[in-house]
Trainee: 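Handing you a structure now.
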Amino acid sequence: MSDTLLVIAGKSFNSRFFLGTGKFKNKIDLKESIEASGSELVTVALRRIDLERHEENILEYIPKNVTLLTNTSGARNAEEAVRIARLAKASGCGHWVKIEVINDNKYLLPDNAETIKATEILAAEGFVVLPYISPDLYTARALVKAGAATIMPLGSFIGSNQGLKTKEFIQVLINEIDLPIVVDAGIGAPSQAAEAMEMGAAAVLANTAVATAQNPALLAQAFAMAIDAGRKAYLSGLPQRQSLANASSPLTGFLYDNAAAH
């Protein structure tokens, strides 16, 4: 089975690895990680963008062919998320926005209800909205109705590197929602990203794991390779797991038949 490009809101992507830009020790590491991974979409919090375009503006380190996805990090409700998205667009950061509404300081879980409200408003204004949620089928269905371009369920607590703790719930979304499912948050190793892709996820977004690695660019490249491998495995039609052993070669007959012949 041949693969197709990932398409979001009519835009095609060769890479299915999305990269967040927070927590990098310096902007050189960020630039090298984007280039090494081949990522074609990166998320940037508006509060980290120097809108006056000084030399150290993070935007100067993001290749021109990469789609900028402004995220509404810091928003505590729909109103604040909408305000941030509008400011980003007015500042020349484009109309692609990741809705991130968090008012829980302990677990940093997204507020699904406020995310739906923000998505409805911004999608109606022509934004390409990629909402970040706790994986929930009813929320996902509401977001489809609201005009979301993707659904971005968390794999585990943001920044935790715990991997796919919500795997079964993400699988429900992959099975039931007719939008690209992008696994976001908690993915801490390439093997975890590959696992998400083997499930049928459309893409994976990682940030903390890459940014805090000893060699960020090398890990970013490893993530891209793992995501590509996971995608190929999914397209191959992986065999089902078996509860008992099933020999790949005959276990009886060969030695005994030869002995009888002599």
Trainee: Testing Val128, Thr43, Leu41 for side chain to side chain contact (heavy atoms under 4.5 Å, CB included) with Thr67, which one passes?
Mentor: Leu41
Trainee: Just verifying a value: how many Å separate Asp184 CG and Ile133 CD1, rounded to the nearest 0.5 Å?
Mentor: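 Here the interatomic distance stands at 10.5 Å.
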Trainee: Answer yes or no: is there a side-chain heavy-atom contact under 4.5 Å between Ile121 and Arg86?
Mentor: yes
Trainee: Considering only NZ, NE, NH1 and NH2 on the basic side and carboxylate oxygens on the acidic side, decide whether Lys89 and Glu125 come within less than 4.0 Å.
Mentor: no
Trainee: Is a donor from one side chain sitting under 3.5 angstrom from an acceptor on the other, for Thr208 and Lys23?
Mentor: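 Yes, side-chain donor-acceptor contact under 3.5 Å.
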Trainee: What are the two closest heavy atoms between Ser39 and Leu19, and how far apart are they?
Mentor: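 Heavy atoms only, the tightest pair is OG-N, 3.7 Å.
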Trainee: Evaluate the side-chain proximity of Asp111 to Asp104: yes if any heavy-atom separation is below 4.5 Å, no if none is.
Mentor: no
Trainee: For a quick test of reading the model, state the closest non-hydrogen atom pair linking Ala149 to Leu179 and the distance between them.
Mentor: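 Minimum heavy-atom contact is O-CD2, 3.7 Å.
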Trainee: Show the nearest heavy-atom pair for residues Ser156 and Gly186, with the distance to one decimal.
Mentor: OG-CA, 3.2 Å
Trainee: Indicate the atoms forming the closest heavy-atom contact of Ser134 with Pro110, along with that distance.
Mentor: N-CG, 3.4 Å
Trainee: Transitively linked via ILVMFWY side-chain contacts under 4.5 Å: Val7 with Met152?
Mentor: no
Trainee: Can you give me the closest heavy-atom contact between Leu154 and Ala185, atom names plus distance?
Mentor: CB-CB, 3.9 Å
Trainee: Holding to side chain to side chain donor-acceptor pair (under 3.5 Å), I want the full list of residues that pass it with Glu176, two or more places apart in sequence or in another chain.
Mentor: none
Trainee: Calculate, to the nearest 0.5 Å, the distance between atoms CD1 and CD1 belonging to Ile151 and Ile174 respectively.
Mentor: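 Reported value, rounded in 0.5 Å steps: 12.0 Å.
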Trainee: Drop me the distance from Gln214's CD to Lys25's NZ, to the nearest 0.5 angstrom.
Mentor: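 Atom-to-atom, Gln214:CD and Lys25:NZ are 8.5 Å apart.
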Trainee: Please name the pair of heavy atoms, one in Tyr132 and one in Glu100, separated by the smallest distance, quoted to 0.1 Å.
Mentor: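 That closest heavy-atom pairing would be CD2-CG, 3.8 Å.
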Trainee: Using side-chain contact (heavy atoms from CB on, under 4.5 Å), reason through Trp96 and Leu130 one step at a time and then give a plain yes or no.
Mentor: CA-CA 8 Å; Trp96 283 58; Leu130 287 71; 4.1 Å; yes
Trainee: A side-chain contact here means heavy atoms from C-beta on lying under 4.5 Å apart; do Glu168 and Val172 qualify?
Mentor: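 No, their side chains stay 4.5 Å or more apart.
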Trainee: With rounding to the nearest 0.5 angstrom, report the CG to CZ distance, Asn207 to Phe18.
Mentor: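 Reported value, rounded in 0.5 Å steps: 14.0 Å.
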Trainee: Check whether any side-chain N or O of Glu40 sits under 3.5 Å from a backbone N or O of Ser15 as a donor-acceptor pair, and report yes or no.
Mentor: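 Answer holds: yes.
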Trainee: Counting C-beta onward and ignoring hydrogens, is there a side-chain heavy-atom pair between Leu69 and Asn71 closer than 4.5 Å?
Mentor: no
Trainee: Considering only heavy atoms from C-beta outward, does the side chain of Asp136 approach that of Leu173 to under 4.5 Å?
Mentor: no
Trainee: Is there a side-chain contact between Ile158 and Tyr107 in this structure, where contact means two heavy atoms from C-beta onward sitting under 4.5 Å apart?
Mentor: no
Trainee: Is the side chain of Thr70 donor-acceptor paired with the backbone N or O of Val44 at a distance under 3.5 Å, no angle test?
Mentor: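 No, the answer is negative, given that no donor and acceptor are paired below the 3.5 Å cut-off.
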Trainee: Does one hydrophobic cluster hold both Val129 and Leu205, with members joined at side-chain heavy-atom distances below 4.5 Å?
Mentor: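 Each belongs to a different hydrophobic cluster.
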Trainee: Tell me which pairs pass ring pair (Phe, Tyr, Trp, His ring centres under 6.0 Å) where either residue lies in residues 159-207, with sequence neighbours left out.
Mentor: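 Those involving residues 159-207 do not exist here.
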Trainee: Can a salt bridge be assigned to the pair Lys117 and Glu114 using a cut-off of 4.0 Å between side-chain N and carboxylate O?
Mentor: yes
Trainee: Considering residues at least two apart in sequence or located in another chain, which fulfil the side chain to side chain donor-acceptor pair (under 3.5 Å) criterion with Lys165?
Mentor: none
Trainee: Hey, what's the ring geometry for Phe17 with Phe223, parallel, tilted or perpendicular (30° and 60° as the breaks)?
Mentor: parallel
Trainee: Check whether any side-chain heavy atom of Val210 sits under 4.5 Å from a side-chain heavy atom of Phe24, and report yes or no.
Mentor: yes
Trainee: Going only through I, L, V, M, F, W and Y residues with side-chain contacts under 4.5 Å, is there a path from Ile8 to Val183?
Mentor: no
Trainee: So, taking the atom named NZ in Lys145 and the one named CD1 in Ile116, what distance separates them when rounded to the nearest 0.5 Å?
Mentor: 11.0 Å
Trainee: Would you indicate whether the side-chain heavy atoms of Arg16 and Asp228 approach each other to under 4.5 Å?
Mentor: no
Trainee: Nearest 0.5 Å please: distance from the CD atom of Glu195 over to the CD1 atom of Ile187.
Mentor: 8.0 Å
Trainee: Would you say Ile84 ends up clustered with Ile102 if hydrophobic residues are merged whenever their side chains have heavy atoms under 4.5 Å apart, either directly or through other cluster members?
Mentor: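 Different clusters.
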Trainee: Same hydrophobic cluster for Leu235 and Met225, using side-chain heavy-atom links shorter than 4.5 Å among ILVMFWY?
Mentor: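 No, Leu235 does not connect to Met225 through the hydrophobic network.
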